[in-house]
Asks: 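Please read through the structure below; I'll follow up with questions.
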Amino acid sequence: MNNLAIIVLNYNSYLETIDCVRKLIGFCEDFKIVIVDNGSTNDSYKIISNEFQHYTNVSVIESYENGGYGKGNNFGCRYAVAHYSDVDTLAIMNPDVRLESIEIINNMLKALHDNPGCAIVGASTISSDGVFIPGYSIWNIPNDKEVVMNYATPSKRSRSCKMISNGVAAVDCVLGAFFMTPLNKFVELGMFDENMYLYNEENVLGIKCKQKGYSVLWLINDYYIHGTSKNKNEKKVNKLKKNINMQKRMHASYISRRYLIRKFYRNKTLKLLFLDFVYAIYIVAITLKLIQKDIKQLK
């Protein structure tokens, strides 16, 4: 596996990142791991660097600014290419992803080897509670209606697949939390589109794969855990943070969806007008919901 480099993007979550990488190191394989500190505002870079300073197959680098999910991962990919001449395959992994065994990596590599026309391969996503959530592992490239209406509701995304072999299906998009890609094809696709700060990266990659005639594969029977479990106190804090950051996430998704429409869809003006209208409705609904919660707390 010395031709594989796994990119792990960290932002202010050094404990989660350290746990993720420790799990990978525990497989005792010779793949490379590149940890990118994406402009963290805490001591993540220093702490992570100290943690893995004695591991020759782990590199910890920092981007000095948070340019978004795509830009941060591209930074790590370019580092891997520049420093590891034998790397020909990349894996993108979020720090909150956990693999139960090395088998999923072996199966992904095999799928790429057996399907030379494949540019991206992903697997099934389950929560830390062991629940498979439809719409998060795979989905179709948004059609003209979905690109406007479903930008903030992943559970409503349409999904379809075409079986090509036992346990392997061709799809439009796989979740960007963990996937594998041949280096040459990823470069040909333009890697991640750095004009998008967050969200919709998978849609862009799916569209580009279709344009270039490459397939995106889903390993149905292989799974990884996405989202680490938390104790009750952490859940309470995270619930408060979720309410506070909800509008920020909605706005980020809205901005990236506007970019997606402008770049890849026809009848842009009409779609953008509808998207603006839908976004406004979401914001009003969320604001009213938060106000209602505040009123209940005052009572």
Side-chain angles (χ1 to χ4, degrees), residues 4-7 9 36 67-78 80-81 87-94 108-109 111-123 125 135-148 150-151 154 157-162 164 168-219 252-268 271-272 275:
L4 171 66
I6 301 175
I7 314 300
L9 190 66
V36 180
Y69 180 81
K71 189 172 184 178
N73 275 301
N74 283 351
F75 186 74
C77 293
R78 293 189 183 103
V81 172
V87 165
D88 61 15
T89 307
L90 300 171
I92 304 298
M93 178 179 287
N94 283 8
M108 283 177 146
L109 289 170
L112 291 177
H113 179 270
D114 294 346
N115 299 275
C118 174
I120 293 173
V121 59
T125 309
Y136 281 88
S137 295
I138 65 160
W139 61 90
N140 297 340
I141 294 169
N143 59 33
D144 287 343
K145 179 181 177 181
E146 292 170 338
V147 75
V148 173
N150 296 349
Y151 82 96
R157 292 184 291 214
S158 61
R159 302 175 298 279
S160 62
C161 63
K162 180 181 179 181
I164 62 171
V168 181
V171 297
D172 281 355
C173 304
V174 295
L175 185 64
F178 178 49
F179 69 88
M180 197 174 289
T181 177
L183 172 60
N184 61 339
K185 290 185 176 66
F186 196 52
V187 171
E188 185 182 350
L189 293 173
M191 307 207 307
F192 284 108
D193 191 327
E194 297 184 6
N195 291 299
M196 309 175 80
Y197 184 82
L198 188 63
Y199 301 121
N200 286 289
E201 298 90 353
E202 300 99 333
N203 290 325
V204 171
L205 288 174
I207 291 171
K208 288 183 175 180
C209 282
K210 185 159 288 189
Q211 289 175 340
K212 292 186 175 295
Y214 291 132
S215 63
V216 177
L217 298 183
W218 172 37
L219 305 187
S253 179
Y254 162 70
I255 293 299
S256 65
R257 188 56 66 101
R258 281 185 62 89
Y259 175 79
L260 183 73
I261 291 172
R262 289 198 307 269
K263 186 163 185 178
F264 296 105
Y265 286 79
R266 297 177 180 178
N267 301 320
K268 299 174 175 44
K271 286 185 176 65
L272 291 171
L275 180 66

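Small disclaimer: the values here were computed from a predicted structure and weren't measured.
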Asks: If you look at every heavy atom in Met191 and Cys77, which pair is closest and at what distance?
Replies: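 Distance-wise, the nearest heavy atoms are SD-CB, 4.2 Å.
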Asks: What pair of heavy atoms forms the shortest contact from Cys161 to Trp218, and how long is it?
Replies: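 Scanning both residues completely, I find the closest heavy atoms to be SG-CZ3, 4.2 Å.
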Asks: Looking at Arg262 and Lys268, would you say the former's side chain and the latter's main chain have a donor-acceptor pair under 3.5 Å?
Replies: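 Between the backbone of Lys268 and the side chain of Arg262 there is no qualifying donor-acceptor contact (under 3.5 Å).
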Asks: Find out whether Phe75 and Leu9 are in side-chain contact, i.e. whether some heavy atom of one side chain is under 4.5 Å from a heavy atom of the other.
Replies: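 No, their side chains stay 4.5 Å or more apart.
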Asks: To the nearest 0.5 angstrom, please state how far the CG atom of Asn73 sits from the CZ atom of Arg78.
Replies: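 If we round to the nearest 0.5 Å, Asn73:CG and Arg78:CZ are 11.0 Å apart.
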Asks: Side-chain donor-acceptor pair under 3.5 Å between Asn200 and Tyr259, yes or no?
Replies: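 Tyr259 and Asn200 do not have a side-chain donor-acceptor pair below 3.5 Å.
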Asks: How far apart are the closest heavy atoms of Ile7 and Ala80, and which atoms are they?
Replies: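 Heavy atoms only, the tightest pair is CD1-CB, 4.3 Å.
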Asks: With a 4.5 Å limit on heavy-atom distance, are the side chains of Glu201 and Val204 in contact?
Replies: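 Sidechains of Val204 and Glu201: no contact.
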Asks: Would you check if the side chain of Asp172 reaches a backbone N or O of Gly206 as a donor-acceptor pair within less than 3.5 Å?
Replies: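 No; zero donor-acceptor contacts below 3.5 Å.
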Asks: Looking at Phe178 and Ala91, what are the two nearest heavy atoms and their distance?
Replies: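 Distance-wise, the nearest heavy atoms are CE1-CB, 4.3 Å.
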Asks: Roughly how far apart are Leu4 CG and Leu90 CG, rounded to 0.5 Å?
Replies: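 Here the interatomic distance stands at 8.0 Å.
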Asks: Answer yes or no: is there a donor N or O on one side and an acceptor on the other, between the side chain of Asn140 and the main chain of Ser160, under 3.5 Å?
Replies: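 Yes, the answer is positive, given that a donor and an acceptor are paired below the 3.5 Å cut-off.
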Asks: Do Lys208 side-chain atoms and Glu188 backbone N/O form a donor-acceptor pair below 3.5 Å?
Replies: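 Not confirmed, Lys208 side chain does not pair with Glu188 backbone.
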Asks: Find the distance between SG (Cys209) and CD1 (Ile120) and round it off to the nearest 0.5 Å.
Replies: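 Answer for the SG-CD1 pair, Cys209 versus Ile120, is 4.0 Å.
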Asks: Which pair of non-hydrogen atoms, one from Lys185 and one from Tyr214, has the smallest distance, and what is that distance?
Replies: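 Heavy-atom minimum between the residues: CE-CE2, 3.6 Å.
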Asks: With heavy-atom distances below 4.5 Å as the criterion, would you say the side chains of Leu260 and Tyr199 are in contact?
Replies: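 The answer is no, as the side chains (C-beta and beyond) never meet within the 4.5 Å cut-off.
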Asks: Within a radius of less than 6.0 Å around NZ of Lys145, do more than 12 heavy atoms belonging to other residues, nucleotides or ligands occur?
Replies: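 No.
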Asks: Just by distance, do the side chain of Lys271 and the backbone of Arg266 share a donor-acceptor pair under 3.5 Å?
Replies: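 Answer holds: yes.
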Asks: With rounding to the nearest 0.5 Å, note down the distance linking CD1 in Ile6 to CE in Met180.
Replies: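 Reported to 0.5 Å precision, the distance equals 6.5 Å.
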Asks: I'd like to check Phe264 versus Ile141 (side-chain heavy atoms, cut-off strictly below 4.5 Å). Are they in contact?
Replies: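 Side-chain contact under 4.5 Å: no.
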Asks: Could you check Leu219, Thr181, Leu217 and say which one makes a side-chain contact (heavy atoms from CB on, under 4.5 Å) with Met108?
Replies: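 Output: one option passes, namely Leu219.
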Asks: Are the side chains of Glu202 and Phe179 in contact, using a 4.5 Å heavy-atom criterion?
Replies: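 They are not in side-chain contact.
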Asks: Run Asn203 and Trp139 through side-chain contact (heavy atoms from CB on, under 4.5 Å) and show every step you take.
Replies: CA-CA 9 Å; Asn203 290 325; Trp139 61 90; 2.8 Å; yes
Asks: Could you tell me which non-hydrogen atom of Ala119 sits nearest to which non-hydrogen atom of Pro182, and how far apart they are?
Replies: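 Closest pair (atom of Ala119, atom of Pro182, distance): O-CD, 3.3 Å.
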Asks: Rounded to the nearest 0.5 Å, what separation is found between the CG atom of Asn195 and the NZ atom of Lys71?
Replies: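 It is 10.0 Å, given to the nearest 0.5 Å.
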Asks: How far does CG of Asn74 sit from CD1 of Ile92, to the nearest 0.5 angstrom?
Replies: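 Between Asn74 CG and Ile92 CD1, I get 7.5 Å after rounding to 0.5 Å.
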Asks: Could you check whether any side-chain N or O of Ser256 sits under 3.5 Å from a backbone N or O of Leu198, counting only pairs where one atom can act as donor and the other as acceptor?
Replies: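 A pair under 3.5 Å: yes.
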Asks: Run the numbers on Val147 and Tyr265 for side-chain contact (heavy atoms from CB on, under 4.5 Å), then give the verdict.
Replies: CA-CA 9 Å; Val147 75; Tyr265 286 79; 3.7 Å; yes
